[in-house]
Amino acid sequence: IDISDLVFPDDLARFIPEKLPEAFTRDEFSKATRLRGRALWAVLKVMLEMRVIVRVENDGRRYRYARNVLINPLKKV
């Protein structure tokens, strides 16, 4: 995939593993994608900035994220 192919938020949404729960933590995303460290942080940051995912709540010191239903058509409402 060429980086220039990723122009719209829905282009990034296809990289969110379907096996993740509706609301997921960074650790769950890491386990599903096998990303660690700075790569994990960068992917989550870009997805947040492009509103592919949204923060839905705090779970203690951890954020929980969810797919943005306006962008990701795979999410069932």
Side-chain angles (χ1 to χ4, degrees):
I1 294 176
D2 188 339
I3 192 70
S4 63
D5 293 336
L6 301 174
V7 177
F8 298 103
D10 56 341
D11 294 332
L12 287 175
R14 65 183 168 176
F15 293 108
I16 301 173
E18 291 182 33
K19 62 184 175 183
L20 283 173
E22 186 173 328
F24 54 90
T25 64
R26 180 192 65 191
D27 293 338
E28 291 169 330
F29 188 84
S30 174
K31 188 174 182 180
T33 60
R34 296 184 177 169
L35 292 173
R36 304 281 185 267
R38 290 184 183 181
L40 173 65
W41 179 85
V43 167
L44 288 174
K45 181 73 172 163
V46 168
M47 287 186 171
L48 279 168
E49 290 293 322
M50 294 189 74
R51 294 191 170 103
V52 174
I53 60 175
V54 293
R55 286 185 182 150
V56 291
E57 62 186 34
N58 276 2
D59 184 17
R61 293 182 55 185
R62 298 179 187 187
Y63 285 114
R64 295 190 70 77
Y65 304 94
R67 294 166 183 87
N68 187 343
V69 294
L70 300 176
I71 292 173
N72 190 346
L74 296 175
K75 180 169 177 183
K76 298 174 184 166
V77 179

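By convention here, the first residue in the shown sequence is residue 1.
Partners of Arg61 by side chain to side chain donor-acceptor pair (under 3.5 Å), not counting sequence neighbours: none found. For Arg62, the salt bridge (Lys or Arg N to Asp or Glu O under 4.0 Å) test picks out Asp27, with sequence neighbours left out. Contacts of Lys45 classified as salt bridge (Lys or Arg N to Asp or Glu O under 4.0 Å), with partners at least two apart in sequence or in another chain: Glu49. Applying the side chain to side chain contact (heavy atoms under 4.5 Å, CB included) test to Val56 and every residue at least two apart in sequence or in another chain returns Ala23, Val54, Arg64, Ala66. Considering only residues two or more places apart in sequence or on other chains, Ala32 meets the side chain to side chain contact (heavy atoms under 4.5 Å, CB included) condition with Pro17, Lys19, Leu20.
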Verdict with supporting geometry, Val52 and Leu12, side chain to side chain contact (heavy atoms under 4.5 Å, CB included): CA-CA 7 Å; Val52 174; Leu12 287 175; 3.9 Å; yes
Apply the test side chain to side chain contact (heavy atoms under 4.5 Å, CB included) to residues Arg67 and Ile16: give CA-CA distance (whole Å), side-chain angles for both, the deciding distance (0.1 Å), then the verdict. CA-CA 8 Å; Arg67 294 166 183 87; Ile16 301 173; 3.6 Å; yes
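For the pair Ile53 and Leu48, the minimum side-chain heavy-atom distance is below 4.5 Å.
Ser30 pairs in a side chain to side chain contact (heavy atoms under 4.5 Å, CB included) with only one of the listed residues (Thr25, Leu44, Leu40, Val43), which is Leu40.
Annotation: ring-ring contact (aromatic ring centres under 6.0 Å, His included) contacts involving residues 25-67, sequence neighbours excluded, comprise Phe24-Phe29.
The environment of Arg34 atom CZ is sparse: at most 12 non-hydrogen atoms of other residues, nucleotides or ligands sit within 6.0 angstrom.
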